[in-house]
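Okay, so here's the structure we're looking at.
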Amino acid sequence: MAKDPLAEAGLHFDELNKLRVLEPEAAQKTAGLKEECKEFVDKIGHFQRIVGDLIELVDALAKEAELEKMKAIGARNLLKSVAKQRESQQQQLHALIAEKKMQLERYRIEYDALSKVEAEQSEFIDQFILQK
C-alpha cells in the first residue's frame, strides 16, 4: 500500500475532510480526554460546594456548641455564687442567733435580778406595814 505523502508530513484529514495536524485517532482520544477532564472539573466543583456547605454547617454547630458551653459555664458560676451567698447568709444567721441567745441570757439574768429585788422590796413593804 502506498503511503500517503500528507500522512508522512504529519497532516491528516478528519471525518469532515478538514486538514488536521494530529492523527484522527489521537484527535479523538484528545477530545475524549478533554470531555473527561471537563466532567472531572465539574465533579470537583460539585465536591467543593458540598465540602463548603459541610464546613459552614460544622462551623455553625461549633458556634452553637460554644454558645451553649458559655451558657453552661455562666449557669455553673451563678450556681456557685448563689451557693456562696447562701453559705454566707447562713453564717450571718448563725451569728445573729448566737447574739440573740446571749441577749436572751442577759435579759433572763436581769429578770431574775429584778424579780429578786421585787421580792425583797415586797418583803420589806410587808414588814414595814406589819410593824406599824
Side-chain angles (χ1 to χ4, degrees):
M1 179 164 182
K3 291 196 173 188
D4 186 12
L6 289 176
E8 288 178 10
L11 300 174
H12 306 278
F13 287 101
D14 64 4
E15 61 273 355
L16 298 176
N17 289 325
K18 289 187 177 184
L19 188 61
R20 301 286 179 190
V21 175
L22 289 176
E23 294 180 12
E25 186 176 313
Q28 280 182 335
K29 287 181 181 180
T30 303
L33 183 59
K34 181 180 176 183
E35 187 61 34
E36 286 180 28
C37 287
K38 184 182 179 302
E39 289 176 12
F40 179 75
V41 168
D42 290 344
K43 286 180 182 180
I44 291 294
H46 181 67
F47 177 74
Q48 286 177 334
R49 285 190 297 277
I50 290 172
V51 169
D53 292 345
L54 179 63
I55 289 172
E56 288 177 15
L57 178 63
V58 168
D59 285 344
L61 290 174
K63 286 178 184 176
E64 188 175 330
E66 189 66 26
L67 181 63
E68 290 299 321
K69 178 181 170 185
M70 289 299 172
K71 285 181 183 178
I73 289 172
R76 183 180 64 198
N77 289 343
L78 181 63
L79 184 61
K80 284 181 182 179
S81 173
V82 167
K84 285 181 182 179
Q85 286 176 348
R86 188 171 287 150
E87 184 179 323
S88 174
Q89 186 179 21
Q90 188 177 17
Q91 288 175 352
Q92 289 175 349
L93 290 174
H94 282 301
L96 184 62
I97 288 171
E99 182 183 324
K100 294 296 181 181
K101 282 182 178 180
M102 288 174 33
Q103 188 177 13
L104 176 64
E105 187 60 31
R106 282 195 306 270
Y107 286 156
R108 187 174 291 139
I109 292 169
E110 186 178 349
Y111 174 76
D112 289 343
L114 289 175
S115 294
K116 186 177 179 183
V117 168
E118 180 187 22
E120 289 173 358
Q121 287 177 352
S122 290
E123 187 179 325
F124 178 76
I125 291 173
D126 287 344
Q127 285 180 2
F128 185 71
I129 292 178
L130 288 177
Q131 284 182 359
K132 280 193 177 188

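All residue numbers in this chain count up from 1 along the given sequence. All values derive from a computational prediction rather than experimental measurement. What you see below is based on every heavy atom in this structure, not just the backbone, and it leaves out hydrogens, waters and symmetry mates.
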Distance (rounded to the nearest 0.5 Å) between Gln127 CD and Glu120 CD: 11.0 Å
Lys/Arg-Asp/Glu bridge criterion (N-O < 4.0 Å) met for Glu105, Arg108: yes
From Asp59 atom CG to Leu54 atom CG, the distance as rounded to the nearest 0.5 Å: 9.5 Å
Cluster check Phe47, Ile55: I/L/V/M/F/W/Y, side chain < 4.5 angstrom: yes
Inter-residue atom distance Lys80.NZ - Glu87.CD, 0.5 Å rounding: 13.5 Å
Leu67: which of Lys63, Glu64, Lys69, Lys71 passes side chain to side chain contact (heavy atoms under 4.5 Å, CB included): Lys71
Residues Arg49, Asp53: salt bridge by 4.0 Å N-O rule: no
Any side-chain heavy-atom pair of Glu99 and Met102 under 4.5 Å: no
Rounded distance (nearest 0.5 Å) linking atom CG of Leu93 with atom CD of Gln91: 10.5 Å
Partners passing side chain to side chain donor-acceptor pair (under 3.5 Å) against Gln89 (at least two apart in sequence or in another chain): none
Glu68 atom CD, over 12 foreign heavy atoms within 6.0 Å: yes
His46 vs Asp42 side-chain heavy atoms within contact, under 4.5 Å: no
Backbone N/O of Glu118 and side chain of Ser122: donor-acceptor pair under 3.5 Å: yes
From CG (Asp112) to OH (Tyr107), nearest 0.5 Å: 15.0 Å
Set of side chain to side chain donor-acceptor pair (under 3.5 Å) partners for Arg106, sequence neighbours left out: none
From CA spacing to verdict: side chain to side chain contact (heavy atoms under 4.5 Å, CB included), Val117, Gln121: CA-CA 6 Å; Val117 168; Gln121 287 177 352; 3.6 Å; yes
Donor-acceptor contact present, side-chain Ser115 to main-chain Tyr111, <3.5 Å: yes
Straight-line distance of Lys43 NZ to Glu39 CD, nearest 0.5 Å: 6.0 Å
Atom CD of Gln103: over 12 foreign heavy atoms under 6.0 Å: yes
